[in-house]
Amino acid sequence: MSFEKRQAASKGRVLGKSGVRLTAVYFASMLVLYVGERLIVESKGLRVGLGLLAAAGVLFAIIGRLGRARTLAEGARPIERRLLMFYALGAVGLLFYLAQADFVMEWLRVSFDNPKTPDRWQGVFGVLWVVTVICAALPIIFIEISYADMDTKRTVDAARVERSMASALVLAMSLCLVFLLNFMGQKHNSKVDLSYFKTTRPSESSMKMIENLSSPLEVYMFFPGASNEVLEHVESYFSELKSRSKYVKIVKADHVVQPDLAKKLSVTKNGVVVLKRKGKASQVIRIGTKLRRAKRKLRKLDSEFQAAFLKGARTQKIACLTVGHDELTNRAREGERGASIRDLKTVLRKLHYRAKDLGVQAGLASEIPKDCTVVIVADPRKAFFEAEITAMRKYLDDGGRALVLLDPDSEWNGAELIGPYGLQMNKNRLANDKYYVRLSRTMADRHFIHSARFSSHPSVRTLSRARGKVVSLFYRAGSLSEMPSTAGLRPKVRFAIHAMPYTFEDKNSNYRFDPKTEKRKSFELVAVVTLPGAKKDKKDKKKKPKFKSDDGMRMIVIADGDIFSDKIFRHPGNAYLFVDMIRWLGGDEQYIGGSTSEEDQRIRHTRKEDQIWFYLTIFAVPLIVLGGGLLYTRRRRSKS
């Protein structure tokens with residue numbers, strides 16, 4: 001058919017609108033691909049089918065554009081070529097998406113010498129496909145909008161289409177710039193404090209400490225003058241505490257004006273608070289006199305007060321940490337960033353505990369020292385000797401207290417230690433494809449799970465009361481289950497933290513749920529074990545011993561050796577959990593309740609939160625801007 005005949009056949013026909021159908025097929029194919037990759041996770045066959053359908057749809061749209069361009073007049077062909085170019089650009093974006101897919105990276109992983117190289121390439125292609133698709137989609141939409149009402153009876157306004165395309169490219173480049181800035185900000189994390197300053201208030205735990213006072217507590221606040229800004233915040237905090245007990249006395253002083261009092265309390269400068277109790281050593285909280293420098297101290301004044309109060313309220317307790325089995329220590333394990341417990345020991349000091357190594361020479365293989373308030377077994381990678389297990393068993397049976405952190409990556413599952421008390425460790429890693437923490441933005445994050453399912457046990461009281469606001473993080477955790485005691489004991493086992501719904505044992509470590517071999521169910525992460533201690537009746541020695549659980553053994557077992565490591569310990573949920581557990585194990589449950597702090601915490605998003613932000617930033621905001629622009633353009637045209 002000659003060009004004249006093709007042109008005559010197309011007279012009166014709207015050029016753009018017939019091409020809109022091809023564009024609709026093109027974007028519908030993109031939507032099908034998105035549904036298959038983002039919303040349908042479990043069915044691999046359905047995902048592959050939708051992917052092939054999407055590829056066929058894109059190919060159909062491109063071939064349709066090629067055929068359509070041959071039937072149009074010379075003036076419309078450049079517009080069709082522009083659309084065809086952006087169609088092809090979108091197809092390239094899909095190839096970039098395919099290149100960064102998890103199964104492709106896993107296939108290529110063996111080809112790289114450095115194990116981190118595939119993740120870097122995945123990040124590069126992850127950026128490229130988003131930028132490419134945005135730069136293709138927006139121009140197509142803008143060109144179709146300006147091109148749709150043109151027909152062959154009039155001259156095709158190519159200049160108008162070019163202006164629309166240029167506007168779309170500017171908008172696309174702006175969106176890509178925002179995307180790249182967010183990506184770079186994530187990889188090179190830094191922060192600037194622009195927040196409104198707010199000091200802390202007394203927590204429930206601090207209130208309990210004050211309410212349990214049975215002797216006077218004198219609080220000396222050394223600050224210059226009577227209108228110091230820091231003094232106002234400090235006085236507000238301690239005045240609230242004073243309202244809870246008649247034993248609290250507040251004294252405002254000045255180091256320069258009252259040198260004798262300052263010398264008596266060993267104060268050498270202003271900007272400090274001294275807690276003084278009769279017969280006890282004075283405890284000093286250093287804050288500062290300038291508000292700009294004192295902000296950090298004021299934000300965590302509550303925890304500082306608790307640490308100072310406990311030092312003056314009771315004798316120092318001892319936490320014995322087992323060594324000799326490749327446990328977590330102050331130094332990180334080789335090749336494992338954050339695999340250390342420096343932060344844990346810092347919190348122990350604030351709780352007025354002294355950390356002490358417990359090895360064979362210190363009695364681990366013979367008799368656990370009686371001054372050990374709590375024994376902490378921190379993620380041992382090697383098995384305990386039989387003599388060590390015997391000593392630990394005797395210590396626990398005699399009413400000892402222990403915190404045991406086991407890990408599925410360890411060669412030892414702790415059966416000899418926890419089996420007699422009705423527990424067993426399951427070493428298959430738990431995974432969750434809905435409730436997990438986005439850290440590396442890869443499938444491996446599904447092993448970084450979190451939980452907000454807490455019991456009412458005192459060892460998780462703070463988290464239980466803050467349910468819905470604070471979660472505990474678990475990194476590559478296993479699970480626990482109850483079993484009959486291997487030693488014929490009758491321990492009481494309670495599970496304090498349960499895994500979230502959709503959790504499964506990732507038996508083949510592929511980060512995916514395999515319905516044929518894996519099951520979703522409620523797994524147990526933390527177990528609390530008690531064994532009553534015998535208390536004989538002095539009046540009648542023939543009677544059977546009466547049991548009192550408070551005097552007996554207490555043990556907490558966690559199926560995650562990394563939960564209190566430095567890599568995640570600073571997360572509030574994990575820090576609160578550790579404090580409550582140590583207080584319960586050490587017999588200080590009357591102080592359980594946590595501390596308040598206004599310090600900024602690192603934000604970690606769950607998958608659900610990330611999805612919300614993704615939809616808002618990628619779809620909602622651009623659509624609002626685009627809709628507003630289209631509405632303004634329509635109104636301007638209607639007026640003209």
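Numbering of residues begins at 1 and proceeds along the displayed sequence. The basis for the numbers below is simple: all heavy atoms, side chains too, and nothing from hydrogens, waters or symmetry mates.
Between the side chain of Q258 and the main chain of D254, a donor-acceptor pair closer than 3.5 Å is present.
At a cut-off of 3.5 Å, with distance as the only test, a side-chain donor of Y237 or D302 sits close to an acceptor on the other residue. Residues T503 and N432 bring a donor and an acceptor atom of their side chains to less than 3.5 Å of each other. Using modelled atom types, one finds no donor on one side chain facing an acceptor on the other under 3.5 Å when comparing T289 with N270. Between S459 and R554, the side chains place no donor N or O within less than 3.5 Å of an acceptor N or O (distance only, hydrogens not considered). For the residue pair T322 and E388, no side-chain donor N or O sits within less than 3.5 Å of a side-chain acceptor on the partner. No side-chain N or O of R461 forms a donor-acceptor pair with one of S464 less than 3.5 Å apart.
Rounding to the nearest 0.5 Å gives a distance of 9.5 Å between CD1 of I558 and CG of L406. We find the NZ-NZ distance between K317 and K356 to be 16.0 Å, quoted to the nearest 0.5 Å. Rounding to the nearest 0.5 Å places CG of L328 at 5.5 Å from CD1 of I341.
Shown here is K242, whose NZ atom has no more than 12 heavy atoms of other residues, nucleotides or ligands within 6.0 Å. Shown here is Q316, whose CD atom has more than 12 heavy atoms of other residues, nucleotides or ligands within 6.0 Å.
Between L348 and A319, the closest heavy-atom pair is CD1-CB, 4.0 Å. Here the closest non-hydrogen pair linking N574 and F564 is O-CE2, 3.4 Å.
Aromatic ring centroids of F448 and Y475 lie under 6.0 Å apart. Taking the centre of each ring, W584 and H457 come in below the 6.0 Å mark.
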